[in-house]
Amino acid sequence: MDDNEASAIDRVADLGRGIGEYIKHQRNTAKISLRQLSRLAGVSNPYLSQIERGLRKPSAEILQQIAKGLRISAEALYVQAGILDLPAGGPVTDAVRADRDLTERQKQVLLDVYESFRGENADRAAKSTVEAQPRSEDDAAQD
């Protein structure tokens, strides 16, 4: 095995540990025992324990079940697991995604509305910038 292959294996192992630590942190924050999360997610207790310890890398389907059990966004787990790229965000998007009282559908609707407002404002700002620019001599000669 060459250095590149060893490096790739190490990166995959790090992802497994990272997602396990993240799940454990989320579980502890929610004050849910391993056994409770196992039951809520429909995943065996030993398997969930292995995931948390970084010994197993769960599939996207298992991550979705765990996310439901934790009542967090499956997208957040996919990002932590390296399945999805980190979405563009900011304080507002991060707060919406982190809100445990909203359903995934409600979060998406809020984010869609927020992004549409931002897009409108960016368009408006671009138009006002163009209108505020001094006219060139060629433009003035055409009048």
Going from [atom1] on [X] to [atom2] on [Y], what distance comes out if it is rounded to the nearest 0.5 angstrom?
| X | Y | atom1 | atom2 | answer |
| --- | --- | --- | --- | --- |
| Glu52 | Asn28 | CD | CG | 7.0 Å |
| Arg39 | Ile32 | CZ | CD1 | 10.0 Å |
| Gln26 | Ile72 | CD | CD1 | 4.5 Å |
| Ile66 | Leu37 | CD1 | CG | 6.5 Å |
| Ile62 | Arg56 | CD1 | CZ | 11.5 Å |
| Glu21 | Ile51 | CD | CD1 | 14.0 Å |

Using side chain to side chain donor-acceptor pair (under 3.5 Å) as the criterion, list what pairs up with [X], not counting sequence neighbours.
| X | value |
| --- | --- |
| Thr29 | none |
| Asp101 | none |
| Gln64 | none |
| Ser49 | Arg53 |

Of the non-hydrogen atoms in [X] and [Y], which two are nearest, and what is the gap between them?
| X | Y | value |
| --- | --- | --- |
| Thr93 | Glu115 | CG2-OE2, 4.4 Å |
| Arg97 | Glu75 | NE-OE1, 3.1 Å |
| Arg27 | Leu34 | NH1-N, 3.2 Å |
| Ser38 | Leu48 | N-CD2, 3.6 Å |
| Ala81 | Ile19 | N-CD1, 3.9 Å |
| Ala67 | Ala74 | CB-CA, 3.6 Å |

Fill in: Side-chain heavy-atom pair Tyr114, Val96 within 4.5 angstrom cut-off
no
Discussion item. Assess, by modelled atom type and distance only, whether the side chains of Asn121 and Arg118 contain a donor and an acceptor separated by less than 3.5 Å.
Written reply: no
Those residues that, when tested against [X], pass side-chain contact (heavy atoms from CB on, under 4.5 Å) (two or more places apart):
| X | result |
| --- | --- |
| Ala98 | none |
| Thr103 | Arg105, Gln106 |
| Ala60 | Tyr78, Ile83 |

Could you tabulate the donor-acceptor pairs under 3.5 Å formed by side-chain atoms of residues 40-47, not counting sequence neighbours?
unit_1, atom_1, unit_2, atom_2, d
Ser44, OG, Tyr47, N, 3.2

Response to the item:
Sorted by chain and number, sequence neighbours left out, salt bridge (Lys or Arg N to Asp or Glu O under 4.0 Å) with Lys107 holds for Glu104
Discussion item. A quick test of your reading: do over 12 heavy atoms of other residues, nucleotides or ligands sit less than 6.0 Å from CD of Glu61?
Written reply: no
